[in-house]
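Reading through the structure tokens given below for one structure.
Indexing begins at 1, ligand by ligand and atom by atom, following the structure's order.
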Amino acid sequence: MRLAQILYSQGFGNRRDCAALIAAGRVSIAGRIVDDADFEPALDGLVFEVAGRAWPYHPRALLMLNKPAGVECSRQPQHHASVLGLLPEPLRRRGVQPVGRLDQDTTGLLMLTDDGALNHRLTSPRHHVDKVYEVGLKHEIDEAAIAALLAGVVLHDDPAPARALACERSGDRALRLTIAEGRYHQVKRMMAAVGNRVETLHRSGFGRWTLPADLASGQWRWVEVDPPSSD
Ligand code: URA
């Protein structure tokens with residue numbers, strides 16, 4: 001693939017913008033400026049620099065972000081800034097979108113991708129992707145409430161019971177809760193169903209990924225994409 005096309009695929013603007021960046025000597029590979037838009041570098045392990053910033057080549061983008069409170073995951077944010085504003089422009093331009101949503105006041109692990117099929121696979125109820133939440137509660141939680149959450153509780157306005165796959169107390173007023181679904185405000189509604197109230201909500205795990213301790217709030221990093229599964 002030509003360098004201009006590589007830049008285009010990675011979100012550096014239209015074809016003319018990418019050719020202009022290269023012609024202006026703003027793109028380098030392995031420390032050497034490459035001003036030939038037709039140059040075809042090996043893609044395996046390619047890292048190019050644009051205006052001094054290193055970019056690993058990723059045919060598909062998969063990222064993890066430590067979402068802070070006060071940003072929205074929706075495409076058209078209503079009351080707060082968009083979580084996409086935390087990403088550099090090339091990632092936004094190549095169409096990276098959140099995988100599912102977290103409420104504006106929820107913090108923690110949010111995956112993002114520009115791969116629609118992968119996004120679908122990770123959010124589809126059919127694929128049962130586990131999510132782990134650290135839940136801070138208003139009231140103490142007792143064994144009866146934990147048993148009810150594990151057995152399945154009925155949410156307001158939704159007859160299908162919502163069940164925790166795992167639920168363990170992590171403090172008098174704190175739980176670690178694992179669920180496979182992602183219904184609207186599901187954790188808050190599950191806690192309301194057992195007479196409690198969520199005061200803080202933080203996601204620490206999503207599928208096979210765990211929020212790294214060294215990923216600060218508001219920061220993101222690349223995640224390797226596995227080859228697509230057959231289902
Ligand atoms: N459940 C909620 O209630 N809110 C979230 O942000 C995620 C899960």
Side-chain angles (χ1 to χ4, degrees), residues 62-87 96-113 119-141 145-146 148-171 173-212 215-220 223:
L62 179 62
L63 319 171
M64 55 167 65
L65 174 103
N66 186 352
K67 180 191 170 298
V71 292
E72 289 187 25
C73 292
S74 54
R75 275 165 205 245
Q76 261 111 35
Q78 306 270 305
H79 305 292
H80 300 84
S82 165
V83 72
L84 296 175
L86 297 168
L87 299 179
V96 162
Q97 292 292 331
V99 175
R101 289 185 187 183
L102 291 174
D103 297 337
Q104 70 79 20
D105 54 349
T106 301
T107 59
L109 182 57
L110 180 70
M111 307 302 293
L112 302 108
T113 183
N119 199 328
H120 178 73
R121 208 158 63 235
L122 292 171
T123 46
S124 151
R126 206 161 68 83
H127 288 93
H128 301 286
V129 175
D130 291 0
K131 294 110 188 156
V132 184
Y133 292 94
E134 313 297 330
V135 191
L137 293 161
K138 181 162 187 188
H139 309 293
E140 279 198 25
I141 185 101
I146 291 178
L149 290 164
L150 288 167
V153 290
V154 174
L155 309 180
H156 183 60
D157 283 347
D158 190 344
R163 198 167 71 80
L165 297 181
C167 181
E168 67 213 41
R169 196 203 291 249
S170 46
R173 288 184 288 142
L175 277 185
R176 172 167 299 145
L177 183 82
T178 306
I179 55 175
E181 303 165 291
R183 291 190 233 171
Y184 182 66
H185 292 329
Q186 181 163 340
V187 175
K188 291 174 184 166
R189 293 163 73 213
M190 286 174 80
M191 294 307 136
V194 293
N196 216 316
R197 189 185 163 89
V198 171
E199 297 219 306
T200 57
L201 188 56
H202 177 82
R203 186 156 70 191
S204 54
F206 184 96
R208 81 193 82 143
W209 300 286
T210 300
L211 185 69
L215 188 64
S217 175
Q219 300 295 302
W220 65 274
V223 174

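- Note: Met64 CE to Thr210 OG1 = 7.5 Å, rounded to the nearest 0.5 Å.
- The shortest side-chain heavy-atom distance between Thr113 and Val223 does not fall under the 4.5 Å cut-off.
- Residue Leu102 has no nitrogen or oxygen atom sitting less than 3.5 Å from a nitrogen or oxygen atom of ligand 1, judged on distance alone.
- Under 4.0 Å from ligand 1, the heavy atoms of Leu201 that appear belong solely to its side chain.
- Less than 4.0 angstrom separates some heavy atom of Gln186 from each of these atoms of ligand 1: 1 (N), 2 (C), 3 (O).
- With respect to the salt-bridge test (charged N to carboxylate O, under 4.0 angstrom), the residues Glu134 and Arg176 qualify.
- When each atom of ligand 1 is checked for a heavy atom of His185 under 4.0 Å away, the hits are 1 (N), 2 (C), 3 (O).
- Side-chain atoms of Trp220 and Val83, non-hydrogen and from C-beta on, never get closer than 4.5 Å to each other.
- Tested against Leu177 for a side-chain contact (heavy atoms from CB on, under 4.5 Å), the candidates Val135, Ile146, Leu201, Leu165 yield a single pass: Val135.
- Ligand 1 places these atoms under 4.0 Å from at least one heavy atom of Tyr133: 7 (C), 8 (C).
- The closest protein non-hydrogen atom to atom 1 (N) of ligand 1 is Val187 N, 3.1 Å.
- Looking only at heavy atoms of the protein, atom 4 (N) of ligand 1 is closest to Asp103 OD2, 2.7 Å.
- Geometrically, ligand 1 and Lys188 share a nitrogen or oxygen pair separated by less than 3.5 Å.
- Residues Asp157 and Tyr184 have side chains not in contact (no heavy-atom distance under 4.5 Å, counting atoms from C-beta outward).
- When non-hydrogen atoms are compared, ligand 1 lies under 4.0 Å from the side chain of Thr106 (C-beta onward) but not from its backbone.
- Counting heavy atoms from C-beta outward, Leu109 and Leu215 have side chains that stay 4.5 Å or more apart.
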